[in-house]
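Throughout, protein chains are lettered first and strands after them, A, B, ... in sequence-line order, and every chain is numbered starting at 1.
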2 protein chains.
Amino acid sequence: MAERISDAEHAVMEVLWDHAPLDAQSIYDRLSGSQSWTLATVKTLLSRLVSKDALATQAQGRKFLYRPAIERTAYVAGESHRFVDRLFGGKLSPLVAQFAESEKLSPEDIAEIEALLQELKK
Amino acid sequence: MAERISDAEHAVMEVLWDHAPLDAQSIYDRLSGSQSWTLATVKTLLSRLVSKDALATQAQGRKFLYRPAIERTAYVAGESHRFVDRLFGGKLSPLVAQFAESEKLSPEDIAEIEALLQELKK
DNA sequence: GGCGTACGATTACATTTGTAGTCACAAGAC
DNA sequence: GTCTTGTGACTACAAATGTAATCGTACGCC
């Protein structure tokens, strides 16, 4: 049952997707740059993620090592589709149009997207 | 101050973006297809949206007519950027890649996106 | 002109989320 | 062998959210 991952929880997931298994203290350290949570807060988020089956633990001495139990790609795919469904009726092009209009597309971005599309048409 | 619009509230906003001013009962009627909320629930959502300054009201006899106080485009732009920032570091191409890989791009979608990009390069 | 009724306003309450303090306990220090 | 301390578990609590019932009141009916 893919429970919903909240925003704060997501920040924790990102750290673990980047540097798989870590103990609570190290996760806290890595988050210190971007968030000003206490260690206790990080631990709460970890517990919630474990009970949501988003993280798996592995005992290492008296600590736990945490690692993702879901793939980032799967998570991102789910979130993306949900988002595009909700705001754009499931179609991607209006989102691209939206970015195009707000001038948020760099030439490199454009080139990359075109390359992707070429690939698809092959 | 653009307060956060929740998922349930968003559904109400969509109705109003589509059929500008409507009274509570009509909004409830239009939502009946997709949601199974009671009229009371819809009214709560309307009140919250008004206090968040997302909706404006206009008295019509003893009723209110509700209408959006923010543009759908502005809302969608904000949400899109927030989303792409959070999941893709602000770059759109990884999102497109994500859709490409999960086979969620129809040929029409592809054509539309290409047309958009052509436009930009001009 | 009293009365039901349709409205918005107010109140209610469980769940989720953000944020954090406290507790119990095992491992290591001495 | 006791004492400290670092850990996860448990508890706490306010705000936001989902969902809804109830209240007060102005209008229109008869």
Side-chain angles (χ1 to χ4, degrees), chain A residues 1-16 21-67 69 75 78-79 82-83 86, chain B residues 1-16 21-67 69 75 78-79 82-83 86:
Chain A
M1 202 65 55
E3 300 264 355
R4 193 95 191 101
I5 291 174
S6 79
D7 276 15
E9 290 160 359
H10 174 234
V12 172
M13 291 302 291
E14 287 293 346
V15 168
L16 284 164
L22 288 179
D23 60 280
Q25 179 68 50
S26 312
I27 295 167
Y28 166 72
D29 291 344
R30 284 180 189 277
L31 284 167
S32 297
S34 47
Q35 314 284 150
S36 48
W37 291 328
T38 66
L39 179 57
T41 298
V42 173
K43 285 179 178 179
T44 298
L45 295 173
L46 287 170
S47 302
R48 289 181 183 168
L49 285 167
V50 169
S51 52
K52 285 178 182 179
D53 289 317
L55 291 182
T57 56
Q58 168 190 348
Q60 184 213 38
R62 74 218 104 71
K63 299 184 185 183
F64 277 174
L65 290 184
Y66 296 86
R67 71 175 67 243
Y75 172 74
E79 291 294 302
R82 190 179 353 268
F83 181 79
R86 206 167 67 95
Chain B
M1 201 64 53
E3 301 263 355
R4 193 94 191 101
I5 291 174
S6 78
D7 276 14
E9 290 161 359
H10 174 235
V12 172
M13 291 302 291
E14 287 293 346
V15 168
L16 285 164
L22 289 179
D23 61 278
Q25 179 67 51
S26 312
I27 295 167
Y28 167 72
D29 291 344
R30 286 180 188 277
L31 283 166
S32 297
S34 47
Q35 314 284 151
S36 47
W37 292 326
T38 66
L39 179 58
T41 298
V42 173
K43 286 180 177 178
T44 298
L45 295 173
L46 287 170
S47 303
R48 289 180 183 169
L49 285 167
V50 169
S51 52
K52 286 178 182 181
D53 289 316
L55 291 182
T57 57
Q58 167 190 350
Q60 184 214 38
R62 75 222 98 71
K63 297 184 189 184
F64 276 174
L65 291 184
Y66 296 87
R67 71 175 68 243
Y75 172 75
E79 291 294 302
R82 190 179 352 268
F83 181 78
R86 206 167 66 94

A/Y28 OH to C/dT19 P, straight-line distance once rounded to whole Å: 14 Å
Heavy-atom donor-acceptor pair, A/S47 side-chain to D/dA9 base, under 3.5 Å: no
Smallest separation among heavy atoms of A/R86 and B/E14, with atom names: O-OE2, 4.4 Å
Out of D/dA20, C/dA20, D/dG8, whichever nucleotide has its closest atom nearest the side chain of A/A40: C/dA20
Integer-rounded Å distance: D/dT19 P and B/L45 CG: 8 Å
d(CG, B/L46; C1', C/dT10) in whole Å: 15 Å
Contact check, side chains of B/W37 and B/V12, non-hydrogen atoms, under 4.5 Å: yes
Polar side-chain contact A/T38-C/dA20 base: donor and acceptor under 3.5 Å: no
Side-chain N or O of A/T41 closer than 4.0 Å to phosphate OP1/OP2 of C/dA20: yes
Validation row: A/D23, A/Y66 side chains within 4.5 angstrom (heavy atoms): no
Touch class at under 4.0 angstrom, heavy-atom based, for B/K63 against every strand present: sugar-phosphate
Interatomic distance where NZ belongs to A/K43 and P belongs to D/dG6 [whole Å]: 10 Å
Nearest-angstrom distance from the residue atom CH2 of B/W37 to P of D/dA21: 15 Å
Could you go through nucleotides 15-17 of chain D and list every protein N or O atom that sits under 3.5 Å from one of its N or O atoms, giving the distance for each pair?
residue : atom : partner : partner atom : Å
D/dT17  : OP2  : B/K52   : NZ           : 3.2

Salt bridge present between A/E9 and A/K52 (N-O < 4.0 angstrom): yes
Interatomic distance, A/Y66 OH vs D/dT7 P [rounded to whole Å]: 11 Å
Among D/dG8, D/dG28, C/dG21, the one nearest B/R62 by side-chain distance: D/dG28
Matching residue for A/P21 among A/L55, A/L65, A/T57, A/L16 - test: side chain to side chain contact (heavy atoms under 4.5 Å, CB included): A/L65
Side chains of residues 42-50 of chain B: which donor-acceptor pairs under 3.5 Å do they make with residues two or more places apart or in other chains?
residue : atom : partner : partner atom : Å
B/T44   : OG1  : B/A40   : O            : 3.2
B/S47   : OG   : B/K43   : O            : 3.0

Side chain B/S36, main chain B/S32, donor-acceptor under 3.5 Å: no
Between C1' of C/dG8 and CD of B/Q60, the distance in whole Å: 14 Å
Spacing of A/F64 atom CZ relative to D/dG6 atom P, expressed in whole Å: 19 Å
